[in-house]
A.B. asks: 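I'd like to ask some things about the structure below.
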Amino acid sequence: MELDERKRKILQAVIRTYLETGEPVGSRTISKYTDLNLSSATIRNEMSDLEEMGYIIQPHTSAGRIPSDKGYRFYVDTMLEEKEREVDELKGLLVEKDEKMDTLLKRVANVLATNTNYAAMITAPQYHQNKLKFIQLSQVDEHQILAVIVVEGNVIKNTMLRVEEALDHETLLKLNILLNTHLNGLSIEEINLGMIAELKKQAGIHSAIISEVIDAVAEAIKSDEDLKIYTSGTRNILKYPELTDNRERAGELISVFEEKKSLHEFVTETLSEEKDTGIQVYIGSEAPVQSMKDCSVVTATYDLGEGMRGTVGIIGPKRMDYDKVIGTLKTLMNELDTLYKK
């Protein structure tokens with residue numbers, strides 16, 4: 001059954017009022033809130049219909065209603081107006097593009113938590129589907145060659161290779177041409193044993209150099225397994241009674257941010273997906289981590305280009321201010337896009 005305009009407005013009023021107060025919402029409150037000019041009795045009937053349809057629930061007899069997960073989902077998907085909110089702290093923060101990445105991300109997490117009054121997390125950018133861009137072999141001395149390997153994201157890996165005797169300029173040139181002709185544009189998965197065997201064959205007496213370069217390329221391309229996650233505002237969770245009324249459950253939720261293992265698993269899964277790189281909203285049981293089933297989690301995947309991607313997220317109660325959270329994340333995404341892709 002599709003919601004008509006009246007039910008939509010009443011549902012929106014219930015959700016917005018509950019977001020503001022955290023208390024069950026009654027028909028009299030809605031009659032004052034909306035511009036429908038309806039009696040309390042009419043609103044009660046409409047709220048009964050909304051409850052029967054699963055959009056709101058009555059937590060206690062004779063109490064008002066609160067949104068269900070289905071109601072929150074409807075609100076996020078169809079009622080939330082598009083807003084772009086200026087977040088001056090983020091803009092000033094991100095202008096200094098040359099700042100150390102870990103320091104920058106810690107500050108971003110802190111600003112997000114302070115701005116939204118919820119918990120925030122952000123991961124360091126990871127390189128995904130990395131491909132080799134360029135290899136340069138240069139003679140350092142008669143027993144050492146410097147291999148400079150450049151992969152997507154302009155990540156540069158320098159490796160010293162030991163040789164028995166100095167290579168002349170022509171030999172180095174041939175090896176550089178051989179390696180770049182066959183390997184440029186390939187991921188590590190695409191560099192197979194047959195290709196390596198052919199490269200060694202063409203390199204002849206210098207096949208050992210090919211083996212060492214391939215090892216260095218694999219090292220440069222592989223993703224960093226130690227995914228760094230920065231969190232802030234964990235204690236903000238304690239401000240919301242519905243998340244702390246059960247001490248054991250609250251402790252589990254806090255430990256998610258302190259130990260980060262569950263966050264690591266969730267982020268890894270998020271970054272492995274090629275689609276849905278925009279803003280995602282997980283409500284209640286949709287939450288990616290079991291101990292967050294009473295929360296809402298709003299995430300976005302930021303993309304710095306050339307395979308550099310990371311995840312930013314806001315975690316709070318289901319009655320979180322979705323407008324503000326989504327507006328803040330959109331502003332952050334826009335600023336990152338402006339700085340790193342212009």
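Predicted model only: the values in this text are computed from it and were never measured.
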A.B. asks: Side chain to side chain donor-acceptor pair (under 3.5 Å) between Ser211 and Lys200: does it pass, once the steps are laid out?
C.D. replies: CA-CA 8 Å; Ser211 294; Lys200 286 184 175 181; 2.9 Å; yes

A.B. asks: The criterion is salt bridge (Lys or Arg N to Asp or Glu O under 4.0 Å); which residues satisfy it with Glu242, sequence neighbours excluded?
C.D. replies: Arg319

A.B. asks: Kindly indicate whether the side chain of Met160, heavy atoms from C-beta on, has any atom under 4.5 Å from the side chain of Leu146.
C.D. replies: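 Sidechains of Leu146 and Met160: in contact.
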
A.B. asks: Any side-chain heavy atom of Val163 within less than 4.5 Å of one from Glu212?
C.D. replies: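 Sidechains of Glu212 and Val163: no contact.
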
A.B. asks: Do Leu186 and Met195 have side-chain heavy atoms sitting under 4.5 Å apart?
C.D. replies: yes

A.B. asks: Determine whether a donor-acceptor pair (N or O, by modelled atom type, separation under 3.5 Å) exists between the side chain of Gln139 and the backbone of Leu167.
C.D. replies: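 Yes, because the side chain of Gln139 sits within donor-acceptor range (under 3.5 Å) of the backbone of Leu167.
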
A.B. asks: Counting heavy atoms not belonging to Lys293, are there more than 12 under 6.0 Å from its NZ?
C.D. replies: no

A.B. asks: Could you tell me whether the side chain of Tyr322 reaches within less than 4.5 Å of the side chain of Ile283, counting heavy atoms only?
C.D. replies: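 Counting from C-beta outward, Ile283 and Tyr322 do come under 4.5 Å.
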
A.B. asks: Just wondering, do Tyr72 and Leu19 contact through their side chains at under 4.5 Å, heavy atoms?
C.D. replies: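 Yes, at least one pair of side-chain atoms sits under 4.5 Å.
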
A.B. asks: Taking side-chain contact (heavy atoms from CB on, under 4.5 Å) as the criterion, tell me which of Leu11, Ile10, Leu3 meets it with Lys7.
C.D. replies: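 When side-chain contact (heavy atoms from CB on, under 4.5 Å) is applied between Lys7 and each of Leu11, Ile10, Leu3, only Leu3 qualifies.
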
A.B. asks: Could you state the interatomic distance from CD1 (Ile15) to CD1 (Ile56), rounded to the nearest 0.5 Å?
C.D. replies: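 Here the rounded value is 9.0 Å.
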
A.B. asks: Under 3.5 Å, side chain of Ser207 to main-chain N/O of Ala203, donor-acceptor pair present?
C.D. replies: no

A.B. asks: Is there a donor-acceptor contact under 3.5 Å from the side chain of Asn180 to the main chain of Asn176?
C.D. replies: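 Flag set: sc Asn180 to bb Asn176 pair under 3.5 Å.
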
A.B. asks: What's the spacing between Leu105 CG and Ile122 CD1 if we round to 0.5 Å?
C.D. replies: 5.0 Å

A.B. asks: Check whether Ser27 reaches the backbone of Ile43 with its side chain - one donor and one acceptor, N or O, closer than 3.5 Å.
C.D. replies: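 No, because the side chain of Ser27 does not come within donor-acceptor range (under 3.5 Å) of the backbone of Ile43.
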
A.B. asks: If we check side-chain contact (heavy atoms from CB on, under 4.5 Å) with Val281, which of these qualifies: Val325, Val297, Val298, Ile314?
C.D. replies: Val298

A.B. asks: What are the two closest non-hydrogen atoms of Ile279 and Ala300, and how far apart are they?
C.D. replies: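 Smallest interatomic distance, heavy atoms only, reads CG1-CB, 3.9 Å.
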
A.B. asks: Using the rule that two of Ile, Leu, Val, Met, Phe, Trp, Tyr join whenever any of their side-chain heavy atoms come within less than 4.5 Å, decide whether Leu175 and Leu173 are in one cluster.
C.D. replies: no

A.B. asks: Short question: side chain of Thr244, backbone of Ala250 - any donor-acceptor pair under 3.5 Å?
C.D. replies: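 Not confirmed, Thr244 side chain does not pair with Ala250 backbone.
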
A.B. asks: Which heavy atom in Lys318 sits nearest to a heavy atom in Ser296, and how many Å separate them?
C.D. replies: CA-OG, 3.5 Å

A.B. asks: Which atom names give the shortest non-hydrogen contact between Pro24 and Ile66, and what distance separates them?
C.D. replies: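 The pair with the smallest heavy-atom distance is CA-CG2, 3.7 Å.
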
A.B. asks: Which of parallel (below 30°), tilted (30 to 60°) and perpendicular (above 60°) describes Tyr55 and Phe74?
C.D. replies: perpendicular

A.B. asks: Is any side-chain heavy atom of Leu332 closer than 4.5 Å to one of Tyr302?
C.D. replies: no

A.B. asks: Is Tyr118 reaching over with its side chain to a backbone N or O of Asp321, donor-acceptor style, under 3.5 angstrom?
C.D. replies: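 The answer is yes, because a donor-acceptor pair under 3.5 Å joins these two groups.
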
A.B. asks: Please find the pair of heavy atoms, one from Lys106 and one from Tyr230, that lie closest to each other, and give the distance.
C.D. replies: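 Shortest heavy-atom contact: CG-CD2, 3.4 Å.
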
A.B. asks: Can you check whether Asn236's main-chain N or O pairs, donor with acceptor, with Tyr240's side chain at less than 3.5 Å?
C.D. replies: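 Looks like no, no N/O pair under 3.5 Å.
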
A.B. asks: Which heavy atom in Leu243 sits nearest to a heavy atom in Gly316, and how many Å separate them?
C.D. replies: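 Shortest heavy-atom contact: CD1-C, 4.3 Å.
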
A.B. asks: Looking only at non-hydrogen atoms, find the nearest pair between Ser48 and Arg65 and report the distance.
C.D. replies: OG-NH2, 3.7 Å

A.B. asks: With respect to Leu183, which candidate in Ile149, Ile196, Ile214, Leu178 satisfies the side-chain contact (heavy atoms from CB on, under 4.5 Å) definition?
C.D. replies: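 So the option named by the test is Ile214.
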
A.B. asks: Under 3.5 Å, is there a donor-acceptor pair between the side chain of Asn158 and the main chain of Val148?
C.D. replies: no

A.B. asks: Decide yes or no for Arg8 and Gln12: does some side-chain heavy atom of the first lie under 4.5 Å from some side-chain heavy atom of the second?
C.D. replies: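 With C-beta onward as the side chain, the pair stays apart.
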
A.B. asks: Under 6.0 Å from the NZ atom of Lys70, do we count more than 12 heavy atoms belonging to anything else shown?
C.D. replies: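 For Lys70, atom NZ is crowded (more than 12 foreign heavy atoms under 6.0 Å).
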
